[in-house]
Number of protein chains: 2
Amino acid sequence: MVTIAEVARQAGVSPSTVSYVLSRKRSISEDTRRKVEAAIDALGYHPHAGARALASNRSNILALMVPLRSDMYVPVIMEIAMAVTTEAREYDQDVLLLTKDEGTGGVRRIAGSGIADAIICMDVELDDDRIPVLRETSTPAVLIGLPADTDNLTCVDLDFDATGAACVDHLADLGHKEIALIGESEAVYRRHTGFAARTLTGFQRRAAERGLRAVHRTCEGTYESTAGVLARIFEERPGTTGFIVQNESAITPLLSLLRLSGRAVPEDTSVVAICPDQVALQSSPRLTSVSIPAQEMGRQAVRHAMAQLDGNHHHTLTLLPPHLTTRESSAAVAGG
Amino acid sequence: MVTIAEVARQAGVSPSTVSYVLSRKRSISEDTRRKVEAAIDALGYHPHAGARALASNRSNILALMVPLRSDMYVPVIMEIAMAVTTEAREYDQDVLLLTKDEGTGGVRRIAGSGIADAIICMDVELDDDRIPVLRETSTPAVLIGLPADTDNLTCVDLDFDATGAACVDHLADLGHKEIALIGESEAVYRRHTGFAARTLTGFQRRAAERGLRAVHRTCEGTYESTAGVLARIFEERPGTTGFIVQNESAITPLLSLLRLSGRAVPEDTSVVAICPDQVALQSSPRLTSVSIPAQEMGRQAVRHAMAQLDGNHHHTLTLLPPHLTTRESSAAVAGG
DNA sequence: GAATGATATCGAAGCGCTTCGATTCCGGTT
DNA sequence: AACCGGAATCGAAGCGCTTCGATATCATTC
């Protein structure tokens, strides 16, 4: 283990000078800087993380709390985690991986032990129990997702309201008059992250604005459930020609069922998905979709965390605008 | 920030006593222990991670290096990462997430800064450049995957040789006489992790032992490539009735192509996959498969890392035995 | 040419913990 | 009654770094 003292000796300066070369907190002559940097390279010096954390009260670590086992959206979670890690390195920060099942105890541990400078929480629920702890310990934090009460919180998420609206617009522009939103399961709308509810709001508002007839159905995502939902939709609204799907597992059933019922996509029926690009590209036909901007969310989360650490307490809600990519599953309504 | 001194004051003992209560390195009277623990609870004390690392030369952090963007096997990587994190907590360790693209510099940084006690490396290549650095810095490390030279290294991986053999056995037991292995792309066999080559070895050996005619083909995984491979196989060996697939992206094409060519699975042709359970279950028909034991690999990696830190330098290769699960894609050969 | 203000560097204190003697207080031996 | 060894506790040193004065040097200014 090479210490700052050894570097100082090798460079012929005092340890504090080496520290200032590294931190740039005081001016250092060009000459000294070169000598110190040469010594650092020669010895392969890396500051001891613990010592640095102890003395400076900064660990240069960001904690990232991810859901332990969410069969939903694993690739999205992974993408966010990787984006956070990569972006963090830009700020010379490392990332500590925590699982959400550590719960409030995990947050307390991080806050109390000074092992991380800030926490980034994923999979935020409407009434997330980590939030009170975050407030109480006043730990710098960024949430990926929107809780019910965002007072004094920094959050990053896709603007699901605008997403719902964008999907409606896309279908409306193509001449569709009757559309349906196939959403997540009932439970998700209550308990969970609220993204589903926000999508629904945007969907309904914009449909009203554009004069479309619009229905919404929750869906468990199984083949059977999707079949039931679809049957009811066509029963009530036989003229439905546009579908918006916000339920990864319902996509494949929906496409098969439409095919089976003799409705060609996109000739007879258009489908717009809200899902990761990967999923949209794997489907056949490839889906027109609004993607989940995982990378951008990860990056923004880190930036907001760093801003908080730098004392710029903006406490903003950052809602990323949706981007709809037109692919093969949507087209102008027949005779439209 | 509550310190050990405050706990000591509250409990009416000296700081060192509190430390010994926590570390159990010296005997403490039952009475004192209770008082100290009460004080800890009352104050919500958590030892300062940096201070502890500095004084004890142990950070209680495990570094985990994951591939940054591997479109292959994202769920497996995620599962391993989660298993590592969960298991690490059992040993009171935290996990620091690094991306493989930090390369040898990343390893040097971890080794030099004492930020982690050990490194767990995923996505190990045959001739991985991180290995020399690991040796040179003598950093405790566990590799998930097998490099070419495993001298003095601790590695954990699925026993792919036995996996190849197990797939052959399964097909042989069902009466198949001519089988084919559809593998990864050419490049993977050379450059990469060697798991492909090991599977091939086991496949060929066992096929010979059981007197089966066996062919092996590399495959890029696209629909076109899979079609070409399949055509060549049936041209050379029209009697082929059993397929082993070790290429996630070739699975769907293979199944469609077999269906198109009028070969029913499993009535006419059996398919055995080497893939995560998730993939095997999503396919239709659900695939007989050898799963990738992601959880177990993660858990074992942590255990070996901890063993090294405790001075039990076993430096073992841990090859996990394959488990083949029979599902709907394999059956006794017609008339067998 | 003495006072002034930057600029560059040093020295020492201190961050919160662990750990190594040293010390105290026992009951049990001789 | 003096001694011993073990159990329980304390005190202080020190881990490697940052940071805050203090100091030294030098170019400006009147």
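Note that this is a predicted model, so its numbers are computed, not measured. Residue numbers start from 1 in every chain, and the chains themselves are labelled A, B, ... in the order their sequence lines are given, proteins ahead of strands.
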For [X] and [Y], indicate whether the former's side chain and the latter's backbone hold a donor-acceptor pair under 3.5 Å.
| X | Y | answer |
| --- | --- | --- |
| B:Arg130 | B:Leu134 | no |
| A:Asp157 | A:Leu319 | no |
| A:Thr86 | A:Met82 | yes |

Rounded to whole Å, how long is the line connecting atom [atom1] of [X] with atom [atom2] of [N]?
| X | N | atom1 | atom2 | result |
| --- | --- | --- | --- | --- |
| B:Arg52 | C:dC15 | CZ | P | 19 Å |
| B:Glu6 | C:dC15 | CD | C1' | 13 Å |
| A:Arg24 | C:dT9 | CZ | P | 14 Å |
| B:Glu30 | D:dT9 | CD | P | 10 Å |
| A:Arg58 | C:dG16 | CZ | P | 17 Å |
| B:Lys35 | D:dA8 | NZ | P | 13 Å |
| B:Ile28 | D:dT9 | CD1 | P | 5 Å |
| A:Ile4 | C:dT9 | CD1 | P | 15 Å |

- Query: More 5' along DNA chain D: A:Lys25 or B:Ser29, using each one's nearest nucleotide?
  - Reply: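 Taking each residue's closest nucleotide, the earlier one in sequence belongs to B:Ser29.
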Taking N and O atoms by type only, does the side chain of [X] place a donor or acceptor under 3.5 Å from a partner on the base of [N]?
| X | N | value |
| --- | --- | --- |
| A:Tyr20 | D:dC20 | yes |
| A:Ser14 | C:dG11 | no |
| A:Arg26 | D:dG21 | yes |

Closest to side chain of [X], choosing from [options]:
| X | options | answer |
| --- | --- | --- |
| A:Leu54 | C:dT19, C:dT9, C:dG16 | C:dG16 |
| B:Ser19 | C:dG16, C:dT18, C:dA8 | C:dT18 |
| B:His48 | C:dT9, D:dT18, C:dG16 | C:dG16 |
| B:Ala55 | D:dC15, C:dC15, D:dC17 | D:dC15 |

- Would one find more than 12 heavy atoms of other residues, nucleotides or ligands at under 6.0 Å from atom CG of A:Asn57?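 12 or below, so no.
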- Query: When all nucleic acid strands are considered with a 4.0 Å heavy-atom cut-off, which category describes A:Thr3: base, sugar-phosphate, or nothing?
  - Reply: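 Counting heavy atoms under 4.0 Å across all strands, the contact made by A:Thr3 is with sugar-phosphate only.
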- Sugar-phosphate only, base, or nothing, as touched by A:Ser16 at under 4.0 Å among non-hydrogen atoms: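 The answer is base, as A:Ser16 lies within the cut-off (heavy atoms under 4.0 Å) of a base atom.
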- Message: My understanding is that only one of B:Val95, B:Thr85, B:Asp94 makes a side-chain contact (heavy atoms from CB on, under 4.5 Å) with A:Leu98; could you say which?
- Response: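 For A:Leu98, the side-chain contact (heavy atoms from CB on, under 4.5 Å) check succeeds only for B:Asp94.
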- Message: Strictly below 4.0 Å: does B:Ser27 bring a side-chain N or O up to OP1 or OP2 of D:dA8?
- Response: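 It does, given that an N or O in the side chain of B:Ser27 lies less than 4.0 Å from OP1 or OP2 of D:dA8.
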